[in-house]
Trainee: 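What follows is a structure written as structure tokens; I'll ask about it next.
Just so you know, residue 1 is the first one in the sequence shown, and it goes up from there. The shown structure was predicted, so the numbers you read here are calculated from the model rather than taken from an experiment.
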Amino acid sequence: MTVFASQVKSLLKQFASPVLDGLGIYDRQLRKMPASSWTIVMYHRVIDDAAADPFELGMCVTRRHFREQLAYFRRRFSPIGMSEAVRRLARGEPLPDRALSITFDDGYLDNYTVALPVLKSFEMDAALFVPTGGLDDDTPLWWDRVIHTLDATGEELLLPAELGIPLSGEPLSLGPWKRAETVTRVLDALWTLPHDTMLEVLARMERAMPAVRRVAPVARRMDSRQVLAMHQAGIEIGAHSVRHSNLNLETPAVVRREMQTSRQVLETLCDAPIKGFAYPAGWKNADTEAAARESGFDYAVSTISGVNHPNSDIFTLARVGMPDTSVADLKRALVSVIQRTGTHGKS
Ligand SMILES: [Zn+2]
């Protein structure tokens, strides 16, 4: 996103969305959503402290906004669990009018400590897609190491060529106005590398840019006891691969192993079938979709932005990423997804 576009978005969030919502403009648009639509919303982290989200990369929602968003979903949609919705569609049964399912990716600890009590207070189901690699080693997810390194460094510039980051050679600014854009560019570039190469580049970054600033600690993940506690609390646990690599870059054998191993680990942990898969970071293609079907999952969710329909392909289900904003701006985000994509889950 350009700086100008992000400024426009920020103004919309703060000022325009509440005004347009007050005029009923979003509600009029949202009333046109077909009763048969199935909205799947996507969260990553739910946080109490804004310092936990230094670059506002769209992965964090505050507890207050999360609460407001769930209250809105309760009022305007029919919440339904992922597996239950898939089961009904497989039998040709209708979903409740304007069905809505809640999903979380990546298994962050705050899903257990912050989000779970809020979900319970609204009696809402959710599905949680957890990568199984390093679950009990307190190993951070790799992009959180990137975020933490670039948040805590005292360096003003990042030198992609020296670090092996595949970006054109010029130095990237880590100054206050540019650092979020730099982090986004670095992460996008790292996703294009084979996983082991990426980890080498990341280790090089950490050595070259030691922490000198006091910042929020690196984001923590749930361990397997907490994942089991979520399962026992009624949260559906889904697979999200082992290493959370870009599956489009992996061999077919590795893709299958990532899917099947993560599924088996979670089935053993929960002593229950694991039905859903979330493509890591949404990377998928015809081969990974086929692998998900053949690995015995009942459905797979993507990060394609859209709202689903009873005839949507249940191995490329679209989702709507939740903004860290008020309900007024959440409605704007939903309207914009529907206007852009319709309700067929296509992007
Ligand atoms: Zn993920």
Side-chain angles (χ1 to χ4, degrees), residues 17 20-43 46 61 65-105 115-116 118-129 233-236 238 275-276 278 297-323 325-347:
S17 294
L20 294 172
D21 185 42
L23 295 170
I25 287 171
Y26 298 139
D27 285 330
R28 269 202 293 285
Q29 293 290 328
L30 289 169
R31 269 197 291 274
K32 293 181 197 160
M33 272 178 93
S36 64
S37 63
W38 177 24
T39 305
I40 305 173
V41 298
M42 173 175 65
Y43 291 99
V46 181
V61 172
H65 285 148
F66 184 59
R67 225 173 220 301
E68 290 172 8
Q69 292 174 358
L70 292 199
Y72 171 68
F73 297 147
R74 260 267 165 253
R75 284 199 306 277
R76 299 290 179 195
F77 291 83
S78 302
I80 185 168
M82 283 297 305
S83 277
E84 173 62 12
V86 168
R87 191 185 63 82
R88 290 197 197 183
L89 292 179
R91 293 184 180 185
E93 295 170 13
L95 298 185
D97 286 355
R98 292 156 64 98
L100 179 136
S101 304
I102 296 171
T103 65
F104 290 85
D105 282 12
L116 180 62
V118 181
L119 285 162
K120 275 186 167 172
S121 71
F122 285 95
E123 296 180 2
M124 296 195 44
D125 285 326
L128 172 70
F129 299 97
I235 301 296
E236 176 181 341
K275 297 178 175 170
F297 293 108
D298 290 356
Y299 70 89
V301 288
S302 71
T303 55
I304 294 170
S305 186
V307 170
N308 301 288
H309 178 271
N311 297 323
S312 294
D313 180 348
I314 56 170
F315 280 85
T316 54
L317 288 167
R319 293 191 284 178
V320 185
M322 286 294 101
T325 54
S326 65
V327 167
D329 190 67
L330 165 67
K331 291 183 194 173
R332 174 199 59 78
L334 275 172
V335 167
S336 107
V337 167
I338 294 162
Q339 286 177 340
R340 217 171 50 238
T341 65
T343 56
H344 297 273
K346 299 277 195 309
S347 69

Trainee: Would a 4.5 Å heavy-atom cut-off, applied to side chains only, mark H309 and S37 as touching?
Mentor: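 Answer no - side chains too far apart.
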Trainee: Rounded to the nearest 0.5 Å, how far apart are CD1 of I40 and OG1 of T103?
Mentor: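 Result: 7.0 Å between the selected atoms.
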Trainee: Taking the six-membered ring of F77 as reference, does the cationic atom of R98 (NZ for Lys, CZ for Arg) lie under 6.0 Å from its centre and within 45° of its axis?
Mentor: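 Yes, cation above the ring, under 6.0 Å and within 45°.
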Trainee: Tell me, yes or no, whether the heavy-atom count around Q339 atom CD, taken from other residues, nucleotides or ligands under 6.0 Å, exceeds 12.
Mentor: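 Yes.
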Trainee: Is there side-chain contact between R88 and P96, with heavy atoms separated by less than 4.5 Å?
Mentor: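 With C-beta onward as the side chain, the pair touches.
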Trainee: What's the shortest heavy-atom distance between D329 and S17, and which atoms?
Mentor: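 So the two residues come closest at OD1-OG, 2.8 Å.
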Trainee: Tell me, do F122 and R67 make a side-chain contact under 4.5 Å, heavy atoms counted?
Mentor: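 Touching, per the 4.5 Å side-chain cut-off.
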Trainee: Check step by step if side-chain contact (heavy atoms from CB on, under 4.5 Å) holds for I235 and L116.
Mentor: CA-CA 9 Å; I235 301 296; L116 180 62; 3.7 Å; yes
Trainee: Could you check whether any side-chain heavy atom of R332 comes within less than 4.5 Å of a side-chain heavy atom of D21, counting everything from C-beta outward?
Mentor: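 Contact flag for R332/D21 side chains = no.
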Trainee: What heavy-atom pair brings M82 and A127 nearest, and what distance separates the two atoms?
Mentor: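 Minimum heavy-atom contact is CG-CB, 3.8 Å.
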Trainee: Within the structure provided, determine whether L100 and I80 are in side-chain contact (heavy-atom separation under 4.5 Å).
Mentor: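 No, too far: nothing below the 4.5 Å cut-off.
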Trainee: So, does S312 use its side chain to make a donor-acceptor pair with the main chain of I314 at under 3.5 Å?
Mentor: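 Looks like no, no N/O pair under 3.5 Å.
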Trainee: Report yes if the side chains of V320 and T39 come closer than 4.5 Å at any heavy-atom pair, otherwise no.
Mentor: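 With C-beta onward as the side chain, the pair touches.
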Trainee: For this output row, return yes or no: ring centroids of Y43 and F66 closer than 6.0 angstrom.
Mentor: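 When the ring centroids of Y43 and F66 are compared, they turn out to be within the sub-6.0 Å range.
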Trainee: Taking Y26 as the fixed residue, which of L20, L334, L330, V327 is the one that meets the side-chain contact (heavy atoms from CB on, under 4.5 Å) rule?
Mentor: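 For Y26, the side-chain contact (heavy atoms from CB on, under 4.5 Å) test succeeds with only one of L20, L334, L330, V327, which is L20.
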Trainee: Drop me the distance from Q29's CD to S336's OG, to the nearest 0.5 angstrom.
Mentor: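 If I round to the nearest 0.5 Å, the distance is 11.0 Å.
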Trainee: Taking E236 for the side chain and L128 for the main chain, is one N or O donor matched with an acceptor at less than 3.5 Å?
Mentor: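 Side chain of E236 to backbone of L128: no pair is present.
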Trainee: What's the shortest heavy-atom distance between V46 and A115, and which atoms?
Mentor: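 What the structure gives for the nearest pair is CG2-CB, 3.9 Å.
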Trainee: Looking only at side-chain N and O atoms, does S101 offer a donor or acceptor that is under 3.5 Å from a partner on W38?
Mentor: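 A pair is found: one side chain offers a donor N or O, the other an acceptor, under 3.5 Å apart.
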Trainee: Within the 3.5 Å criterion, strictly below it, is a donor on R319 or S305 matched to an acceptor on the partner's side chain?
Mentor: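 There is no such pair between these side chains.
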Trainee: May I have the step-by-step check of salt bridge (charged side-chain N to carboxylate O under 4.0 Å, His left out) for K331 and D27, ending in yes or no?
Mentor: CA-CA 8 Å; K331 291 183 194 173; D27 285 330; 3.1 Å; yes
Trainee: Could you state the interatomic distance from CG (L119) to CE (M124), rounded to the nearest 0.5 Å?
Mentor: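 Rounded to the nearest 0.5 Å, the CG-CE separation comes to 7.5 Å.
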Trainee: Flag the pair M42 / M322 as yes when at least one side-chain heavy-atom distance between them is below 4.5 Å, and no otherwise.
Mentor: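 Not touching, per the 4.5 Å side-chain cut-off.
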Trainee: How long is the gap from CG on L95 to OG on S36, to the nearest 0.5 Å?
Mentor: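 It is 8.5 Å, given to the nearest 0.5 Å.
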Trainee: First locate atom NZ of K120, then atom CG of D125, and finally report the distance between them rounded to the nearest 0.5 Å.
Mentor: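 CG of D125 is found 12.5 Å from NZ of K120.
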Trainee: Roughly how far, to the nearest 0.5 Å, is the OH atom of Y299 from the CG atom of L89?
Mentor: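 Those atoms lie 12.0 Å apart.
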Trainee: Run the side-chain contact (heavy atoms from CB on, under 4.5 Å) test on I338 and L30 for me, step by step, so that the C-alpha distance in whole Å, both residues' side-chain angles and the decisive distance to 0.1 Å come before the verdict.
Mentor: CA-CA 9 Å; I338 294 162; L30 289 169; 3.9 Å; yes
Trainee: Ignoring hydrogens and geometry, is there a side-chain-to-backbone donor-acceptor pair from Q69 to V61 under 3.5 Å?
Mentor: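 Answer holds: no.
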Trainee: Can any side-chain N or O of D105 pair as donor or acceptor with the backbone N or O of F129 at less than 3.5 Å?
Mentor: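 No, because the side chain of D105 does not come within donor-acceptor range (under 3.5 Å) of the backbone of F129.
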